[in-house]
Amino acid sequence: MGAVRPEWYDEGMRRIAFFAVPLLAAALLAGAALSDPAPLFLRRAVAAALMPALPFWDALHGGLERAAPPAREPRRIDARPLSAQARLMWSDLEARFLADEGRLLLISTPPVEIGDACLWQGVYAAAAAIENARAPSPRARRRAERAFEGLKRLGSRGRPIARAVLPLDVVTEPPGRAYHRDAFWQWKEDASVDSAAGWVFGCLVTAELLPSKRGEALAALRRFADALLDGGLRLRNSDGRPTRFNSMGGAFVNSPVGLLSSAAALRALDGAGYGPRYGIAHAELSAGEQARWAAYASGPQFWRNETTNHNIAYLALVSAMLAEPEPRLWQVYARGLLRLDALTHGMGNSFWIYLSEWALARRPELAAGLAGESGYDRHRARRAERLAAARVSMLEWRYPECKRKVRFVHPRPPQLKRAREPFGPGERAAEPLPVCERPPADFVWQRSPYALDGWLKLKGEGQDFNPVDFLVAYGLGVSVGGLSSGD
């Protein structure tokens with residue numbers, strides 16, 4: 001357990017972040033408005049100037065989060081083995097959460113949330129490929145191939161991708177801006193950096209684990225990279241205008257996640273021999289301190305206490321590690337992953353723990369080069385502790401209740417330890433809550449484990465969300481030895 005911090009320390013951290021976070025956000029927005037792309041020397045200079053502030057950012061984050069993992073004992077909520085729960089969820093996903101003959105993932109039951117369907121399609125494609133690699137069968141292979149085909153379909157709209165593409169007969173919630181339809185399809189453009197992170201992650205995991213689709217995955221990445229480079233390393237709509245969250249490497253100040261996703265796609269194409277264009281562009285994106293800036297891919301989102309952007313950072317870092325063969329750059333990305341593991345150590349997030357273990361294990365010869373570094377050695381020493389914490393969270397699922405959108409107010413029993421939100425008038429749990437006691441969520445691992453309440457404005461009962469969050473974590477957990485058949 002961590003030491004008790006004095007009141008003045010917490011208050012001081014809040015005041016510092018009150019000014020630091022808006023200033024950083026203003027810099028990112030201002031950078032996004034400059035030329036397409038901004039001059040390379042300027043992008044390199046800005047990345048170099050920002051790097052000295054990152055240790056302070058980490059200290060600030062560490063001051064607002066617990067360092068110790070949850071102290072809960074394993075408590076099985078569903079009496080069935082996790083393997084049986086996974087089989088049930090795969091069947092339920094296929095029955096209720098797929099469209100286009102099993103290709104496109106639906107975030108929820110009707111009226112379907114559009115949200116960022118591209119992001120979750122990428123995670124679904126990865127989950128299906130991981131499951132087929134873990135337990136091969138004709139059905140699992142067909143599922144993985146169709147999941148990738150759905151991901152590829154999202155590259156048929158927008159420049160280079162759309163936020164969502166769905167058959168015309170799928171009933172959705174009001175889709176908002178950048179919505180289009182024709183005789184067969186409806187789609188939403190305005191793709192974001194998050195959309196790209198999920199899309200690239202799904203393509204690269206497919207290329208890594210599904211030989212029957214490797215060539216198609218690389219071809220899809222080539223179309224993605226060509227459109228990105230032609231558009232000044234910004235995401236754009238089909239009319240050529242930049243999307244709202246577009247900075248993939250061409251802005252004055254770039255999203256670290258955007259840089260990672262672009263670098264991963266370019267490096268994969270360069271390594272596959274698709275021509276010098278991709279290697280040259282990758283070298284520019286990695287020049288100077290840009291690779292290290294990209295590797296420090298996530299920080300706390302103080303102004304949105306119900307969520308976190310770490311989930312997207314994990315996807316982008318793992319994509320970069322899968323694509324990068326050069327030891328120096330791979331180790332830069334791996335150090336970023338280890339940093340993120342250290343920052344989120346107290347959350348016991350099953351998906352992040354298993355994903356980082358899996359990514360390091362995919363390239364053991366490159367990981368060996370980190371031996372002797374304090375961050376890597378500490379990570380290895382904590383492996384058993386981290387896997388145990390991840391297992392605790394997996395045993396706490398209650399499906400479908402934890403995926404059913406309902407107004408949720410935590411009962412707050414007397415023994416519950418509570419704390420103030422870092423910002424705002426609300427309160428949160430002082431320690432990560434069991435999964436079964438958290439507000440229902442579209443993707444459990446992306447939501448705050450400290451949140452007490454959710455969907456407070458909802459009247460009645462809403463949709464059910466798909467179970468891909470459990471399934472991707474389960475497949476990874478078994479693959480890295482964190483879960484056994486007995487679980």
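Residue numbers start at 1 and run along the sequence shown.
- Heavy-atom contacts from other residues, nucleotides or ligands closer than 6.0 Å to CD of Gln415 number more than 12.
- The salt bridge (Lys or Arg N to Asp or Glu O under 4.0 Å) pairs that include a residue from residues 113-135 are Glu113-Lys405, Asp116-Arg163, Glu131-Arg134, where partners are two or more places apart or lie in different chains.
- Between Trp120 and Leu105, some side-chain heavy-atom pair lies under the 4.5 Å cut-off.
- Taking the six-membered ring where tryptophan is involved, the planes of Tyr474 and Phe470 are essentially parallel, since the angle between them stays under 30° and well short of 60°.
- Aromatic pair Trp352/Tyr314: ring centres closer than 6.0 Å.
- Rounding to the nearest 0.5 Å gives a distance of 7.5 Å between CD1 of Ile161 and CG of Leu154.
- The CD atom of Gln446 sits 8.5 Å away from atom CG of Leu315, with the distance rounded to the nearest 0.5 Å.
- Counting only heavy atoms from C-beta outward, the side chains of Asn349 and Pro449 never approach each other to under 4.5 Å.
- Using a cut-off of 4.0 Å between Lys/Arg side-chain N and Asp/Glu carboxylate O, Arg418 and Glu427 are scored as salt-bridged.
- In terms of modelled atom types and a separation under 3.5 Å, the side chain of Asn237 and the main chain of Asp239 share no donor-acceptor contact.
- Checking Tyr399 against Gln85 by side-chain atom types alone, no donor-acceptor pair falls below 3.5 Å.
- Under the 3.5 Å distance criterion, with hydrogens and angles disregarded, no donor-acceptor pair is assigned to the side chains of Glu189 and Thr243.
- In Arg146, the CZ atom is crowded: over 12 heavy atoms of neighbouring residues, nucleotides or ligands sit closer than 6.0 Å.
- A donor-acceptor pair shorter than 3.5 Å cannot be found between the side chains of Thr109 and Asp464.
- Side-chain atoms of Asp100 never come within 3.5 Å of backbone atoms of Arg103 as a donor-acceptor pair (strictly under, hydrogens ignored).
- Under 3.5 Å, the side chains of Ser356 and Arg386 contain a donor-acceptor pair of N or O atoms.
- Shortest non-hydrogen contact noted between Val435 and Ser393 is CG2-O, 3.6 Å.
- If you check the side chains of Arg335 and Tyr333, you find no donor sitting under 3.5 Å from an acceptor.
- Here the shortest heavy-atom pairing between Ser261 and Val200 reads O-CG1, 3.9 Å.
- Annotation: side chain of Leu209 is in contact with side chain of Arg362 (closest heavy-atom distance under 4.5 Å).
- Closest approach of Phe97 to Asp92, counting heavy atoms only: CD1-O, 3.8 Å.
- Other residues, nucleotides and ligands contribute at most 12 non-hydrogen atoms within 6.0 Å of the CZ atom of Arg241.
- Ion pair Glu145/Lys213 not flagged as a salt bridge, since none of the NZ, NE, NH1 or NH2 atoms sits closer than 4.0 Å to an Asp/Glu carboxylate oxygen.
- Two residues are said to be in side-chain contact when any heavy atoms from C-beta on lie closer than 4.5 Å; Glu173 and Gln463 meet this criterion.
- Annotation: cation-pi pair Arg143/Trp90 present, NZ/CZ under 6.0 Å from the ring centroid and within 45° of its normal.
- Taking 4.5 Å as the limit, every side-chain heavy atom of Ile353 sits out of range of all side-chain heavy atoms of Trp358.
- Remark: Arg447 engages Asp442 in a salt bridge, criterion side-chain N to carboxylate O under 4.0 Å.
- Counting all heavy atoms, side chain and backbone alike, Val193 lies closest to Gly258 at CG1-N, 3.5 Å.
- Arg412 has its side chain within reach of Leu452: a pair of non-hydrogen atoms, C-beta onward, lies under 4.5 Å apart.
- Taking the centre and axis of the six-membered ring of Trp455, the NZ or CZ atom of Arg407 falls outside the cone set by 45° and 6.0 Å.
- In this structure, CG in Asp469 is found 14.0 Å from OH in Tyr124, a value given to the nearest 0.5 Å.
- If you look at Phe351 and Phe443, their ring centroids are closer than 6.0 Å.
- Side-chain contact between Leu228 and Leu235 is present, with at least one heavy-atom pair separated by less than 4.5 Å.
- Considering only heavy atoms from C-beta on, Ser350 stays 4.5 Å or farther from Arg391 through its side chain.
- Heavy atoms only, all atoms of each residue included: Ala473 and Met394 are closest at CB-SD, 3.8 Å.
- Side-chain polar atoms of His410 and Asp453 form no donor-acceptor pair below 3.5 angstrom.
- In plain terms, the two heavy atoms of Asp487 and Arg76 that are nearest each other are O-NH1, 3.0 Å.
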